Engineer: 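Provided herewith is a single structure, encoded as structure tokens, for subsequent inquiry.
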Amino acid sequence: MANERQYTSRRAGITTALAKKIGEIDGRGLYHQSIAETSPRLKFWDEVEEFPAVHLNAGSETRQYQASGYKDRFLVITIRCYVNEEDAQFHLNALMEDVETVIEENSNLQYLDKQNNEFNCQQITVISITTDEGVLEPFGVGELEVEVRY
């Protein structure tokens, strides 16, 4: 039997699962937009070819140690949203609302670790929302910073 670690990296599993859920935004039901491109990794502006696009980036991670050796983990993820539309801020805000809806509907997101074990997040919280405020019109860029507790 191979040496199995009790704690494995879950950053990639969480960002991949969240990107997959965000990729389901299709303009129907609760959603206002239909996403053309989603990626679990951040891309540079010049790499974005299809709009609207949403890219994620796993950032800093912290631990909170509890009794009996239990650890709460907190992962900050930046979710960057791109649009290329006339009235970009209107479309960007609609896209960001859709992303926030996905987060609210999937606060206990299920994901896989590197060993293919299934886990659920305890909570996903939106920390901040920022946009370019129309400076890049007809492009629009916005970011949601979220904290994933797992």
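Both backbone and side-chain heavy atoms feed into the values below; hydrogens, waters and symmetry mates do not. Please read all numbers here as calculations on a predicted model, not as lab measurements.
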Engineer: Apply side-chain hydrogen bond (donor to acceptor under 3.5 Å, both in side chains) to Glu104 and list each qualifying residue two or more places apart in sequence or on a separate chain.
Structural biologist: none

Engineer: Got Val148 and Ile77 here, is their nearest side-chain heavy-atom distance under 4.5 Å?
Structural biologist: yes

Engineer: Any chance you could measure Cys121, atom SG, to Leu75, atom CG, to the nearest 0.5 Å?
Structural biologist: 8.5 Å

Engineer: Checking Asp26 now: which residues fulfil side-chain hydrogen bond (donor to acceptor under 3.5 Å, both in side chains) with it, not counting sequence neighbours?
Structural biologist: Arg28

Engineer: For Pro52 versus Val83, what's the shortest heavy-atom pair and its separation?
Structural biologist: CB-CG1, 4.1 Å

Engineer: What pairs meet the salt bridge (charged side-chain N to carboxylate O under 4.0 Å, His left out) rule with one or both residues in residues 45-54, with sequence neighbours excluded?
Structural biologist: Arg41-Glu47

Engineer: Contact between Arg73 and Arg149 at the side-chain level, heavy atoms closer than 4.5 Å - yes or no?
Structural biologist: no

Engineer: Using 0.5 Å steps for rounding, measure from the CD1 atom of Ile14 to the CZ atom of Phe119.
Structural biologist: 10.0 Å

Engineer: Please give me the minimum heavy-atom distance between Ala36 and Phe51, naming the atom from each residue.
Structural biologist: CB-O, 3.5 Å

Engineer: Verify whether the ring centers belonging to Tyr82 and His55 lie closer than 6.0 Å.
Structural biologist: yes

Engineer: Hey, are Glu37 and Lys43 close enough for a salt bridge, meaning a charged N less than 4.0 Å from a carboxylate O?
Structural biologist: yes

Engineer: Considering all heavy atoms of both residues, which atom of Leu109 and which atom of Ala17 are nearest to each other, and what is their separation?
Structural biologist: CD2-CB, 3.9 Å

Engineer: Using a 3.5 Å distance criterion without hydrogens, assess whether the side chain of Asp113 forms a donor-acceptor pair with backbone atoms of Asn116.
Structural biologist: yes

Engineer: Is there a side-chain contact between Val99 and Ile25, using heavy atoms and a 4.5 Å cut-off?
Structural biologist: yes

Engineer: Under 3.5 Å, side-chain donor or acceptor atoms of residues 58-67 against the rest of the protein: list the pairs with distances, not counting sequence neighbours.
Structural biologist:
residue	atom	partner	partner atom	Å
Glu61	OE1	Arg11	NH1	3.2
Glu61	OE2	Arg63	NH1	3.0
Glu61	OE2	Tyr150	OH	2.2
Gln64	OE1	Gln66	NE2	3.2
Gln66	NE2	Asp72	OD2	2.9

Engineer: Can you give me every donor-acceptor pair (side chain of residues 123-139, partner residue at least two apart or in another chain, under 3.5 Å) with its distance?
Structural biologist:
residue	atom	partner	partner atom	Å
Gln123	NE2	Thr125	OG1	2.9
Thr131	OG1	Gln89	OE1	3.4
Thr131	OG1	Glu133	N	3.1
Thr131	OG1	Glu133	OE2	3.0
Asp132	OD1	Gln89	NE2	2.6
Asp132	OD1	Gly134	N	3.2
Asp132	OD2	Leu136	N	3.4
Glu137	OE2	Asp87	N	3.1
Glu137	OE2	Ala88	N	2.7

Engineer: Taking all non-hydrogen atoms of both residues, which atom of Thr38 and which atom of Ala19 are closest, and how far apart?
Structural biologist: CG2-O, 3.2 Å

Engineer: Could you tell me the separation between the CD atom of Glu105 and the NZ atom of Lys21, rounded to the nearest 0.5 Å?
Structural biologist: 10.0 Å

Engineer: Distance-only, no hydrogens or angles: does the Thr15 side chain make a donor-acceptor pair with backbone N or O of Ala12 under 3.5 Å?
Structural biologist: yes

Engineer: Ignoring hydrogens, what is the shortest heavy-atom contact between Leu92 and Cys81? Give both atom names and the distance.
Structural biologist: CD1-O, 3.7 Å

Engineer: Determine whether Leu18 and Leu56 make a side-chain contact, defined as any pair of heavy atoms from C-beta on separated by less than 4.5 Å.
Structural biologist: yes

Engineer: Among all residues two or more places apart in sequence or in another chain, which pass the side-chain hydrogen bond (donor to acceptor under 3.5 Å, both in side chains) test with Glu118?
Structural biologist: Gln110

Engineer: Indicate, with yes or no, if Ile35 and Tyr31 share a hydrophobic cluster defined by side-chain heavy-atom contacts under 4.5 Å among Ile, Leu, Val, Met, Phe, Trp and Tyr.
Structural biologist: yes

Engineer: Provide the closest heavy-atom pair for Leu144 versus Met96 in the form atom of the first, atom of the second, distance.
Structural biologist: CD1-CE, 3.8 Å

Engineer: Scan Leu42, Val102, Val54 and name whichever one has a side-chain contact (heavy atoms from CB on, under 4.5 Å) with Ile79.
Structural biologist: Val54

